[in-house]
Amino acid sequence: MNRIAAILAVTVILAVPFLSCGASGDNDEHLWLYEIMPAGSFEAVTLYNAGSVTVNLKNYYLDDGEGTVRFNADIYVQPKTAVTISSAAPDTWLTDRNVMIYGTNGIVAKSFILADAGDEVMLRKTSNGEVIDTFVYGNGDTSVKGWKGDAFGRITSGKMAIRYSMFDTDTANDWRLSSAGRTGEKINSAGMFDALITPFVFPDSKGDPVFAALEDASDEVLISIYILDHRDIVSLLMALMERGVSVTIFLEGSPAGGVPDTEIRYMTALYEKGASVYFLKGHDGYKRYDLVHNKYAVIDSRTVAITSENWRESSFTGNRGWGAVIESDGYAEYMRHIFTSDCDPSRYDLFGLKEIYPSAASISVPQYKPRIVSHYETFNASVRPVISPDFSFEYLKQEISGASERIYAEQMTIQYTWTDTTVQSPLSWSLTASNSGVDVRILADVTFATDDDGVSRDNYTVVSIINDMDGMQARTISGGEGFGLTHNKGVIIDDTVWISSINWSNAAFMNNREAAAVIYSADVADYYAYYFLTDWGSVDMSVRLEVNVTGDTAGEAVILDASSSTFPQGTLFGWDTDGDGIADRSGIKIAMTFPEGVNHCVLMATDPSGSVYYYEFTVMIHPKGANTAFFEPYVKYAPFIAILLAILAVTVFVRMRGRRR
């Protein structure tokens, strides 16, 4: 088994607190098989004491049907702790777990060799051979005692089966395929945090709220993302470092199509400026996560900017996606914890920029110019962090299963096999909800729809199958007003919304490192629902504001008229006419008086979803009896007119003198 297998230590240490939830509450011994890693030059079995009393391994042994591992000396395992039994010594970098090797501590292995293709692992009582726990994988014999149903599946080198269920059902459902070194976060460990939420969408926002959040950084910026090569983001990060802000970036080392050359050159420029840049990349066949697919930044441990979009100019200005800036100390600290665990330089599969690209040349980056950002409304809400592969699948099931009114999902990818509703998936859960009267609508992108070996498995087919299911509605989407690709992974469930990097696929939920912010707020959910329904085709989202001003004299009525604007039915209009940021008049058309001079005004339009649009304009007011409005368009020609009048005067004077002579 590959030497990389030893890194599984980290997983046990992080994951065991969860398993204590399923432990028996009495004083009986309760020992479980917890991890199985059979493939490669190094194999290991981890045992976990889920009970409340100390266990002596001398009272147990391992059996694979052909051989055994026996414990001929006292080895005590304390409650809620684990021990790993290994066929060979781990590498020197493995220091954070209790590993015992065959041949040491009275551990005797006899013909105990786990087959790569499949096998059975049984934990038995030494006294009478009673089977305490069983695990079957690959082509192993599923008829053995202590196992029910199908085998778990094959476990390849660098992977392991890890017990995930809180309860022991003796089936493959208790287990999950994992990689050593992953975090073991659970639903209850994430917590709920109070937050101030600024929602926005792409491409409408062009990512301006992300820039605004980064511009406010004073100490530290941590970015975990699939791809980052937006020139202006890089320029801003360089400007932040110039004023002393620490910047660390954690990237995917093997994205589809390879790491873009522009990203390598921009990252080199940041590295030369002082940024820490790391890539997650396979090492001797080992990689903790299939992909780092996150799209978030933690700013000063108080703010998180999270999006469905990669941080690329084409994504910010061309894709349909959702994003949010979340101000919350608790949420930011949690995401910082995840980041620092993922981006630990001691990790075997983490590489610094120069380790992979030692001769990469930087690219010239222009000086950052602060963006003029429109006002975005903020909302008080609660937020829960959700991450893959730790517990995102289970949490989405919990949320969808609790829906009572609506489920709106806008997805770039929906796994074809999930159309089999006997399989646990967001589609099967949504179908159950729709049968209970929940309004279920699913939008699926078809921009890159393809035919695979003559069998259509793209989103066209997925949508067609969904529409054949009673109660659910689905539509395809291939661009819209101002955008092309629908790259979103958003879900609205009643008054809750997921801002997420998680596509609807097994890989995204089970094997990638992904992040979602689950926001609890009716206002925020309605904000995104408006854009969803616009893309669905049931709302005209066009909001274009225009103000016509009639009148320009002090003491006389001036008419402000926004009726030529474009807006959905139900939009409310407010007018800030004194520049204090508060609407002092309402209505689509108003009449009022202004003082002399330049008056700065703002029209505020609130659409039915609660989204607010702003239109800034000025009203020039002249003194009564001195209306110069007629001449204002010609003021810029005054110097030329003066010269012409002077020439005309001289000409007339000369001619008159000539006549007198």
Side-chain angles (χ1 to χ4, degrees), residues 198 200-253 255 258-279 292 294-319 321 323-327 332 339 343 352-354 356-357 359-376 483 487 501:
T198 303
F200 58 93
V201 299
F202 299 95
D204 308 58
S205 69
K206 297 181 175 57
D208 283 349
V210 174
F211 285 89
L214 290 172
E215 286 176 3
D216 286 342
S218 60
D219 180 46
E220 176 187 69
V221 173
L222 309 174
I223 300 175
S224 180
I225 201 159
Y226 185 64
I227 294 177
L228 194 170
D229 63 359
H230 195 306
R231 184 193 65 180
D232 293 347
I233 292 283
V234 173
S235 176
L236 173 53
L237 293 175
M238 295 183 77
L240 292 176
M241 286 188 288
E242 287 177 357
R243 68 182 196 221
V245 176
S246 169
V247 173
T248 304
I249 303 173
F250 176 48
L251 296 151
E252 169 55 39
V259 178
D261 181 65
T262 51
E263 181 178 70
I264 297 171
R265 298 181 69 190
Y266 279 133
M267 292 304 110
T268 301
L270 287 170
Y271 172 84
E272 292 174 350
K273 197 73 174 178
S276 299
V277 181
Y278 297 96
F279 291 86
V292 173
N294 297 315
K295 296 102 168 55
Y296 74 83
V298 183
I299 304 162
D300 292 344
S301 296
R302 69 170 188 269
T303 301
V304 176
I306 186 167
T307 67
S308 61
E309 304 312 294
N310 292 302
W311 290 13
R312 321 188 73 181
E313 188 167 2
S314 59
S315 300
F316 277 23
T317 60
N319 291 356
V325 172
I326 303 170
E327 299 174 61
F339 181 94
C343 195
L353 173 75
K354 287 300 181 180
I356 307 175
Y357 307 106
S359 59
S362 63
I363 191 172
S364 177
V365 180
Q367 185 174 3
Y368 181 67
K369 296 181 180 179
R371 292 194 167 197
I372 300 175
V373 179
S374 301
H375 175 79
Y376 286 84
F483 67 90
H487 192 259
S501 68

Q: Main chain of Glu313, side chain of Thr317: is a donor-acceptor contact present, judged purely on distance under 3.5 Å?
A: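 Pair found, side chain donor or acceptor close to backbone of Glu313.
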
Q: Output the distance between atom NZ (Lys206) and atom CZ (Phe200), rounded to the nearest 0.5 Å.
A: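 CZ of Phe200 is found 13.5 Å from NZ of Lys206.
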
Q: Is the Phe202-Phe316 ring centre distance short of 6.0 angstrom?
A: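 Ring centres of Phe316 and Phe202 closer than 6.0 Å.
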
Q: Under a 3.5 Å distance rule, please check whether Arg231 uses its side chain to pair with a backbone N or O of Tyr266 as donor and acceptor.
A: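 Not confirmed, Arg231 side chain does not pair with Tyr266 backbone.
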
Q: Report the distance from atom CD1 of Ile306 to atom CD1 of Ile326, rounding to the nearest 0.5 Å.
A: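 Result: 6.0 Å between the selected atoms.
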
Q: Under the criterion side-chain contact (heavy atoms from CB on, under 4.5 Å), I'd like the reasoning laid out for Val210 against Ile233: C-alpha separation, chi angles, the key distance, then a yes or no.
A: CA-CA 9 Å; Val210 174; Ile233 292 283; 4.2 Å; yes

Q: Could you tell me which non-hydrogen atom of Trp311 sits nearest to which non-hydrogen atom of Ala297, and how far apart they are?
A: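 Smallest interatomic distance, heavy atoms only, reads CH2-CB, 3.5 Å.
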
Q: Under the criterion side-chain contact (heavy atoms from CB on, under 4.5 Å), I'd like the reasoning laid out for Ser205 against Tyr376: C-alpha separation, chi angles, the key distance, then a yes or no.
A: CA-CA 9 Å; Ser205 69; Tyr376 286 84; 3.3 Å; yes

Q: Under the criterion side-chain contact (heavy atoms from CB on, under 4.5 Å), I'd like the reasoning laid out for Val245 against Asp219: C-alpha separation, chi angles, the key distance, then a yes or no.
A: CA-CA 5 Å; Val245 176; Asp219 180 46; 6.0 Å; no

Q: Quick one: which of Thr262, Asn319, Asp229 gives a side chain to side chain donor-acceptor pair (under 3.5 Å) with Arg312?
A: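 Exactly one candidate clears the test, Asp229.
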
Q: Is the backbone N or O of Ser308 less than 3.5 Å from a side-chain atom of His487, with the two atoms forming a donor-acceptor pair by type?
A: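 At least one qualifying donor-acceptor pair exists.
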
Q: Between Ile264 and Thr268, which heavy-atom pair has the shortest distance, and what is it?
A: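 The answer is O-OG1, 2.7 Å.
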
Q: I'd like to know if Asp300 and Arg302 make a salt bridge, using a cut-off of under 4.0 Å between side-chain N and carboxylate O.
A: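 Salt bridge flag = yes for Arg302 with Asp300.
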
Q: Could you check whether atom CZ of Phe211 has more than 12 heavy atoms from other residues, nucleotides or ligands sitting under 6.0 Å from it?
A: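 For Phe211, atom CZ is crowded (more than 12 foreign heavy atoms under 6.0 Å).
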
Q: Only one of Thr307, Asn294, Leu251 clears side-chain contact (heavy atoms from CB on, under 4.5 Å) with Ile225; which?
A: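 Exactly one candidate clears the test, Leu251.
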
Q: Work out which heavy atom in Cys343 is nearest to a heavy atom in Thr248; give both atom names and the distance.
A: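 For Cys343 and Thr248, the tightest heavy-atom pair comes out as SG-CG2, 4.3 Å.
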
Q: When you measure from the side chain of Ser235 to the backbone of Tyr368, do you find a donor-acceptor pair of N or O atoms at a distance under 3.5 Å?
A: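 Pair found, side chain donor or acceptor close to backbone of Tyr368.
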
Q: To the nearest 0.5 Å, what is the distance between CD1 on Ile249 and CZ on Phe339?
A: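 The CD1 atom of Ile249 sits 8.5 Å away from the CZ atom of Phe339.
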
Q: Restricting to non-hydrogen atoms, name the atom on Thr303 and the atom on Ala332 that form the minimum distance, rounded to 0.1 Å.
A: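 Scanning both residues, the minimum pair turns out to be N-CB, 3.7 Å.
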
Q: For Phe250 and Val292, run side-chain contact (heavy atoms from CB on, under 4.5 Å): C-alpha distance rounded to whole Å, both residues' side-chain angles, the deciding distance at 0.1 Å, then the answer.
A: CA-CA 8 Å; Phe250 176 48; Val292 173; 3.6 Å; yes

Q: Taking all heavy atoms of Gly274 and all of Met241, pick out the closest pair and write down the distance.
A: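 Closest approach of Gly274 to Met241: C-SD, 3.8 Å.
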
Q: Using the side-chain contact (heavy atoms from CB on, under 4.5 Å) rule, pick out the option among Leu270, Val234, Val277 that qualifies with Leu228.
A: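 Passing option: Val234.
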
Q: Could you report the tightest heavy-atom contact between Ile299 and Ala217, atom names first, then the distance?
A: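 Heavy-atom minimum between the residues: CG2-CB, 3.6 Å.
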
Q: Hey, could you give me the CD/CD1 distance between Glu309 and Ile227, rounded to the nearest 0.5 Å?
A: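 Answer rounded to 0.5 Å: 12.0 Å.
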
Q: Between Asp232 and Arg371, is a salt bridge (charged side-chain N to carboxylate O under 4.0 Å, His left out) present by the stated rule, with each step listed?
A: CA-CA 10 Å; Asp232 293 347; Arg371 292 194 167 197; 3.3 Å; yes

Q: Would Phe279 and Tyr357 count as a close aromatic pair, with their ring centres under 6.0 Å?
A: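 Distance test on ring centres: under 6.0 Å, yes.
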
Q: Apply the test side chain to side chain donor-acceptor pair (under 3.5 Å) to residues Ser362 and Glu272: give CA-CA distance (whole Å), side-chain angles for both, the deciding distance (0.1 Å), then the verdict.
A: CA-CA 8 Å; Ser362 63; Glu272 292 174 350; 3.2 Å; yes

Q: Atom CG in Leu236, atom CD in Gln367: separation rounded to 0.5 Å?
A: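 If I round to the nearest 0.5 Å, the distance is 12.0 Å.
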
Q: With a 4.0 Å cut-off on N to O distance, would you call Lys273 and Glu242 a salt bridge?
A: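 Salt bridge present between Lys273 and Glu242.
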
Q: Roughly how far apart are Met267 CE and Ile356 CD1, rounded to 0.5 Å?
A: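 These two atoms lie 13.0 Å from each other.
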
